[in-house]
Trainee: 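My questions will all concern the structure given below.
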Amino acid sequence: MRADVRGILKGAALIALLAAAAGTATNARLIGRLLRGEFRQSFTTPAEYPRIRFITVGEAEDLFAAGEAAFLDSRPRSEFGAGHVPGARNLPLEEHRRGVKPEAVGSPLERILVVYCEGGDCQASVALARLLHDAGFQDIRVLTGGWTEWRAAGLPELKSDD
Amino acid sequence: MTRQRALLLLFRILVGGVFIYSGVVKILDPLAFAQQVRNYRTVGQDLAFLVAVYLPWLEALAGAFLVAGVFKKASAALISLMLLGFIVLVAVTMVRGIDVDCGCFGALSRRAGWPLLLEDAVLLGMALAVLLARDKTAPGSAEEA
């Protein structure tokens with residue numbers, strides 16, 4: 001029995017070593033990029049998603065005030081209903097996992113889009129931004145602080161289900 | 001006895017096949033998987049990156065060994081550990097109320113929820129059956145490890 005366990009441990013260690021070697025070898029370039037400081041903010045990189053940028057609340061506020069961008073809320077409908085950026089359209093990520101049709105966004109492809117989710121550590125906005133990128137939108141900006149920072153900054157808010 | 005062996009072989013092919021598939025899908029797009037790991041909001045950027053670089057290979061290799069019948073107990077043990085980890089992660093994520101794509105099979109992933117937990121539990125049951133089965137192979141056989 002003890003020999004059994006030892007054999008299992010040895011085999012498992014060998015498989016783990018093989019995986020470590022293969023993972024390192026096939027991802028050497030990516031690991032190099034990580035060591036050079038990439039991927040700090042997101043795994044959505046300028047190389048793969050050149051039309052996605054990350055912006056602060058201040059920049060989002062400017063775009064909002066100038067009416068230059070369409071705001072897209074990636075949170076679930078219930079959270080959107082409880083409060084959102086005035087004029088924002090709700091595109092819940094869970095309803096668009098297979099992709100976003102440009103008609104669902106209701107804006108021309110060249111319009112500036114500002115995408116946000118709850119804030120803090122939320123990732124739905126980035127995921128939606130990638131889908132929008134794939135759909136062909138030209139200028140997508142992810143609001144990094146999300147809804148939490150928008151509210152904390154005392155910016156306009158609209159409640160209701162639209 | 002033969003029926004039991006046939007059943008164990010079936011388990012190995014099913015569990016191993018699922019792990020090979022899920023590993024290969026992620027190996028092909030490590031950054032997408034890294035983002036999915038990040039979506040669970042459990043680990044930071046660096047750890048998510050490391051998971052995305054190494055876990056898929058561990059899945060695929062353990063799956064391949066399990067199907068091939070080489071180091072089958074060791075691979076069944078590794079797979080059981082991974083499944084236990086997935087089950088705990090999904091359960092914790094559900095309790096925290098985070099709506100997340102499970103990230104299991106690339107584009108074919110669905111939400112982390114009860115069906116996924118059940119599926120992982122069934123796979124775990126099969127992997128444990130392989131791990132705990134009393135081996136009837138002759139002593140010193142190359143198959144046992």
Side-chain angles (χ1 to χ4, degrees), chain A residues 1 3-31 33-35 37-45 47-49 74-76 78-79 92-95 97-99 117-118 120-127 129-130 134, chain B residues 23 26-46 48-66 70-81 97-101 107-111 131-132 134-135 139 144-145:
Chain A
M1 191 64 204
D4 264 11
V5 172
R6 203 176 302 155
I8 289 173
L9 286 179
K10 256 192 220 165
L14 185 81
I15 296 172
L17 267 177
L18 277 176
T24 308
T26 51
N27 295 296
R29 202 170 294 171
L30 281 184
I31 293 171
R33 283 167 62 186
L34 179 84
L35 294 178
E38 257 189 80
F39 311 126
R40 289 284 148 243
Q41 202 163 30
S42 161
F43 295 108
T44 302
T45 63
E48 280 106 351
Y49 293 90
S74 61
R75 300 174 300 162
S78 55
E79 289 177 32
L93 181 66
E94 75 251 20
E95 293 175 21
R97 292 202 191 279
R98 302 261 177 268
C117 49
E118 189 58 32
D121 224 6
C122 76
Q123 303 286 325
S125 53
V126 180
R130 287 168 63 127
D134 292 343
Chain B
K26 293 169 199 161
I27 287 168
L28 295 176
D29 194 353
L31 287 183
F33 180 51
Q35 185 62 53
Q36 282 168 328
V37 175
R38 193 74 182 82
N39 290 350
Y40 278 94
R41 292 193 241 167
T42 303
V43 296
Q45 288 288 113
D46 288 345
F49 181 88
L50 290 179
V51 169
V53 164
Y54 295 112
L55 183 68
W57 277 102
L58 195 63
E59 285 183 313
L61 286 174
F65 278 114
L66 191 67
V70 185
F71 297 127
K72 64 181 172 205
K73 297 241 165 181
S75 45
L78 277 175
I79 285 177
S80 303
L81 271 181
I98 297 175
D99 176 28
V100 66
D101 211 62
L108 291 181
S109 297
R110 55 245 178 285
R111 277 162 77 164
L131 177 64
L132 300 176
R134 206 172 285 170
D135 226 306
E144 176 59 83

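The figures that follow rest on heavy atoms only: side chains count, while hydrogens, waters and symmetry mates do not. Numbered from 1 within each chain, the chains take letters A, B, ... in sequence-line order.
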Trainee: With a 4.5 angstrom heavy-atom cut-off, is it the side chain or the backbone of B:Ala34 that approaches chain A, or both, or neither?
Mentor: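 Answer is both: backbone and side chain atoms of B:Ala34 are under 4.5 Å from chain A.
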Trainee: Locate the shortest heavy-atom distance separating A:Ala16 from B:Leu58; write the atom from each residue and the value.
Mentor: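 Minimum heavy-atom separation between A:Ala16 and B:Leu58: CA-CD1, 3.7 Å.
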Trainee: Taking atom CG of A:Asp4 and atom CG of B:Leu132, what is their separation to the nearest 0.5 Å?
Mentor: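 It is 10.5 Å, given to the nearest 0.5 Å.
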Trainee: Measure across B:Val53 and A:Ile31 and return the closest heavy-atom pair with its distance rounded to 0.1 Å.
Mentor: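 Closest pair (atom of B:Val53, atom of A:Ile31, distance): CG1-CD1, 4.3 Å.
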Trainee: Pick one of side chain, backbone, both or neither for B:Phe65, based on which atoms fall under 4.5 Å of a heavy atom in chain A.
Mentor: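 The answer is the side chain of B:Phe65.
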Trainee: Quick one: what part of A:Leu14 sits under 4.5 Å from any heavy atom of chain B, side chain, backbone, both or neither?
Mentor: side chain
Trainee: Considering only heavy atoms, which portion of A:Leu30 lies under 4.5 Å from any heavy atom of chain B: side chain, backbone, both, or neither?
Mentor: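 Looking at A:Leu30, backbone and side chain both touch chain B.
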Trainee: What part of B:Leu131 gets within 4.5 angstrom of chain A, counting heavy atoms only: side chain, backbone, both, or neither?
Mentor: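 Side chain of B:Leu131 only, per the 4.5 Å heavy-atom cut-off to chain A.
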Trainee: Out of curiosity, B:Phe33 CZ to A:Phe43 CZ, how far, rounded to the nearest 0.5 Å?
Mentor: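 Rounded to the nearest 0.5 Å, the CZ-CZ separation comes out at 10.5 Å.
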Trainee: Does the B:Gln45 side chain pair with the main chain of A:Phe39, one donor and one acceptor, at a distance under 3.5 Å?
Mentor: yes
Trainee: Hey, what do you get for CG (B:Leu31) to CZ (A:Arg130), rounding to the nearest 0.5 Å?
Mentor: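 Between atom CG of B:Leu31 and atom CZ of A:Arg130 there are 7.5 Å.
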Trainee: Does any backbone or side-chain atom of B:Ala76 lie under 4.5 Å from a heavy atom of chain A? Answer side chain, backbone, both or neither.
Mentor: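 When you check distances to chain A, no heavy atom of B:Ala76 falls under 4.5 Å.
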Trainee: Quick one: closest heavy-atom pair of A:Ile8 and B:Ala74, and the distance?
Mentor: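 In this case the closest contact between A:Ile8 and B:Ala74 is O-CB, 3.4 Å.
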Trainee: Looking at OG1 of A:Thr24 and CH2 of B:Trp57, how far apart are the two atoms once the value is rounded to the nearest 0.5 Å?
Mentor: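 Interatomic distance, A:Thr24 OG1 to B:Trp57 CH2, rounded to 0.5 Å: 11.0 Å.
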